[in-house]
**Q** 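I am attaching a structure below and will ask some questions about it afterwards.
Residue numbers begin at 1 in each chain, while the letters A, B, ... track the order of the sequences. None of the values given here were measured: they were computed from a predicted structure.
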2 protein chains.
Amino acid sequence: MAGELDPRKKQVLQAVIDDYIESAEPVGSRTLARHHDLGVSPATIRNEMADLEMLGYLEHLHTSSGRVPSSKGYRLYVNGLMQPKPLTDAEKAQIDKWYRERVRRVEEVFQETARIIAKVTKNVSLVLAPQMTQAKFHCLQFLPLDDRRVITVLMTDAGFIENKILKMPDGSTFEDFQRMAQVINKNLAGHTLGTIKQNSLSEIKDEIGDDMLYESALEIIHRALDSGKRERLYLGGTTELLEQPEFHDVEKVKETLLMLEEEELMKDILHAHMGDGLEVTIGQENPDKHLQDASIITATYHLDGELLGTIAVLGPTRMEYAKAMSLLEFMNTNLTNVIKRLPW
Amino acid sequence: MAGELDPRKKQVLQAVIDDYIESAEPVGSRTLARHHDLGVSPATIRNEMADLEMLGYLEHLHTSSGRVPSSKGYRLYVNGLMQPKPLTDAEKAQIDKWYRERVRRVEEVFQETARIIAKVTKNVSLVLAPQMTQAKFHCLQFLPLDDRRVITVLMTDAGFIENKILKMPDGSTFEDFQRMAQVINKNLAGHTLGTIKQNSLSEIKDEIGDDMLYESALEIIHRALDSGKRERLYLGGTTELLEQPEFHDVEKVKETLLMLEEEELMKDILHAHMGDGLEVTIGQENPDKHLQDASIITATYHLDGELLGTIAVLGPTRMEYAKAMSLLEFMNTNLTNVIKRLPW
DNA sequence: GGTTAGCACTCACACGGAACGAGTGCTAAC
DNA sequence: GTTAGCACTCGTTCCGTGTGAGTGCTAACC
């Protein structure tokens, strides 16, 4: 609002935040002068810091004892002050190795992605597996289990597979089901799961003829689609949390873990952040009160140009933003490749 | 060794352990006299406690400040002193409700079982899903994904389903695969997965004829079996841990969570305890040094009379043994029913 | 002889003041 | 505008003391 900060103020702010991110301790003028070569004395730094506090970039816990960045301070830092910290080649190689060693099937990609993000950033990670509404229907097959039940297998073009056991309605035979599968596949192939649910499926009705069978076909398609579309949330790094000094208090750990366990809540939070590309939300910028002293970095990814999901890092506001952002960016673009090359 | 304890000593020991399990505080003679109606004065109790300590049933942290049960003390308690604590009808109803609300498919039963055990006992729970080596092969089906890949679906009689995407060898067609499936199903139906792997499968070789196709059939069967047989471990209640006073120290929490994350280690521990029925291992009785101050109660369950897996409660030696044992016993017998009635 | 009251003794723990140190804000000199 | 100096604040650590729960021993009691 009051115009730009002069260069030295920016430099001081950056130094304060860098220091605080590393040490987790409120930073004072003398320490700052020692750690960073700013070319001025602690007294001058004190004056600058007082100004920065007045402008709302820094905060004071109580008189005496150093400053801590405010959300506004972090915001400025993220938007321009910080040094980008790209992944090293060694890190990229390590990530690739992890994927190759630990992932055998498509579904495991997301769990492993969560694990990797947590390991690298030392923070909690969240991975929302793609919403299947945009996935293309490939085919639906029935396999006989016994005389009362069939197994329904639903596949999408991208190779996601869902199966479900269903009871056969009284009076129907497995042959009925196979006939149904043919009709369904002929009519639905290539449609996205999202549109299928909305359409009336009336062609199928005509082709099947038998009303009762049509009803169960509908039921089956819907149940198969429901299980296929279910969004899954993968969590990583809940133990990394304990490494962070802000969680030396067991109460805080408990509170946070309980929040993370509330799957629906976490999904909602991720949905709220689903946008294009990388998004950083810092402390009080976050509408959710559980996250007021946390920051969350989200990245929305695309598979096949359609399917979309979100990967995120959740941590204390004191977070290595530069590192986390580079990582998410990398994981984001890398994800498609990892999935494409499965199975080997 | 030195014969039986006299009845009053037993009574005192039981009282000490009951008290300690409830309070988590070393228990002294006065408190004991206050909380339990033993009909004698604290001084007498002191004498008895001194004897019990001499005999190795109680321990002294340092002079002054009450006694704590030793592993030997807990052992006696579990073997005969404690009051059985059967589940109430309300608890059973709650468990049933949880299963009905939250489980839609066979694979989810185990995760939910772990969750329930953790919730009820307020401790960490472990559920080892059944080893599939004893499962009976029902059928193997192939479904076309695209011109290079097929989806392999493996089913067991009990309704466990595994799928896997496989690349087709060059030159083979989907029709070859379907032919292969017929041969495989005819020959393997009803065999257990464990025996299939060992047998030479030579009948299949003869029937398939083509050597190259036979090789890939072998490969496929093995890969399908491998994924089907993979044991899965489900963990529950890692947050319940934090409720226990022995985990008010973050270091201890970290250590424990890291141990629990080591899936192979935990599986080995459960395997070591796999026996018949309920087994309680207390503190130092445990060979694994990570568990020297923990107790683990395991119960081996059977499905279809063949498949077996293990459910367990892991907690501090100060644990509500009676409650946990009743619960495991119940879950154990209940599990078959829960699976049998799926899907609704 | 088992049981109990009394008493001296031990220790963990909580409380409170002193010393310390990191940090601030202000003023005056450069 | 920058910096040195200084008084002041306040969290943290360190000790000494007091308190309370508990023990073990001895001597008296039933």
**Q** Would you mind reading off the distance between His35(B) atom NE2 and dA21(D) atom P, rounded to a whole angstrom?
**A**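 Checked: the NE2 to P distance equals 11 Å.
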**Q** Would you give the length of the straight line joining atom CG of Leu260(A) to atom CG of Leu241(A), rounded to the nearest 0.5 angstrom?
**A**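 Interatomic distance, Leu260(A) CG to Leu241(A) CG, rounded to 0.5 Å: 7.0 Å.
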**Q** Separation of Leu61(B) atom CG from dA12(C) atom P, in whole Å?
**A**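 These atoms are roughly 9 Å apart.
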**Q** Would you mind building the protein contact string for nucleotides 23-30 of chain C? One character per nucleotide, 5' to 3', B for base within reach (heavy atoms under 4.0 Å), S for sugar-phosphate only, - for untouched.
**A** BBB-----
**Q** Check this for me: Gln292(B), atom CD, are more than 12 non-hydrogen atoms of other residues, nucleotides or ligands nearer than 6.0 Å?
**A**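 Buried by this count: over 12 neighbours within 6.0 Å.
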**Q** Taking Ser29(A) for the side chain and Ile45(A) for the main chain, is one N or O donor matched with an acceptor at less than 3.5 Å?
**A**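 No; judged by distance alone, with no hydrogens or angles, the pair does not exist.
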**Q** Tell me the interatomic distance from Glu48(B), atom CD, to dG1(C), atom C1', rounded to whole angstroms.
**A**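 One finds 14 Å between C1' of dG1(C) and CD of Glu48(B), rounded.
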**Q** Expressed as a whole number of angstroms, how long is the span from Leu32(B):CG to dG22(D):P?
**A**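 Value for this atom pair: 10 Å.
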**Q** Take atom NZ of Lys267(B) as the centre, draw a 6.0 Å sphere, and report whether it contains more than 12 heavy atoms from other residues, nucleotides or ligands.
**A**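 Result for NZ/Lys267(B): enclosed.
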**Q** Could you tell me how the ring of Tyr321(A) sits relative to the ring of Tyr74(A): parallel (under 30°), tilted (30 to 60°) or perpendicular (over 60°)?
**A**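 Tyr321(A) vs Tyr74(A) ring planes: tilted.
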**Q** Find the distance Glu25(A):CD to dT12(D):P and express it as a whole number of Å.
**A**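 Computing the Glu25(A):CD to dT12(D):P distance gives 10 Å.
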**Q** So which pairs with a foot in residues 322-332 of chain A pass side-chain hydrogen bond (donor to acceptor under 3.5 Å, both in side chains), sequence neighbours left out?
**A**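 Those involving residues 322-332 of chain A are Glu91(A)-Lys323(A).
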**Q** Is the shortest side-chain N to carboxylate O distance from Glu48(A) to Lys9(A) below 4.0 Å?
**A**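 Yes, Glu48(A) and Lys9(A) are salt-bridged.
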**Q** Could you check whether Glu246(A) pairs with Arg318(A) (Lys NZ or Arg NE/NH1/NH2 to Asp/Glu carboxylate O, under 4.0 Å)?
**A**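 Yes, this pair counts.
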**Q** Are there runs of at least three consecutive Watson-Crick or G-U pairs touching DNA chain C, with each pair's two distances under 3.5 angstrom? Give them by first number.
**A**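 As far as DNA chain C goes, consecutive pairing (with distances under 3.5 Å) yields the stems C:1-30 with D:1-30.
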**Q** Side-chain N or O of His62(B) less than 4.0 angstrom from OP1 or OP2 on dT10(C)?
**A**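 His62(B) to dT10(C) OP1/OP2: no side-chain N or O under 4.0 Å.
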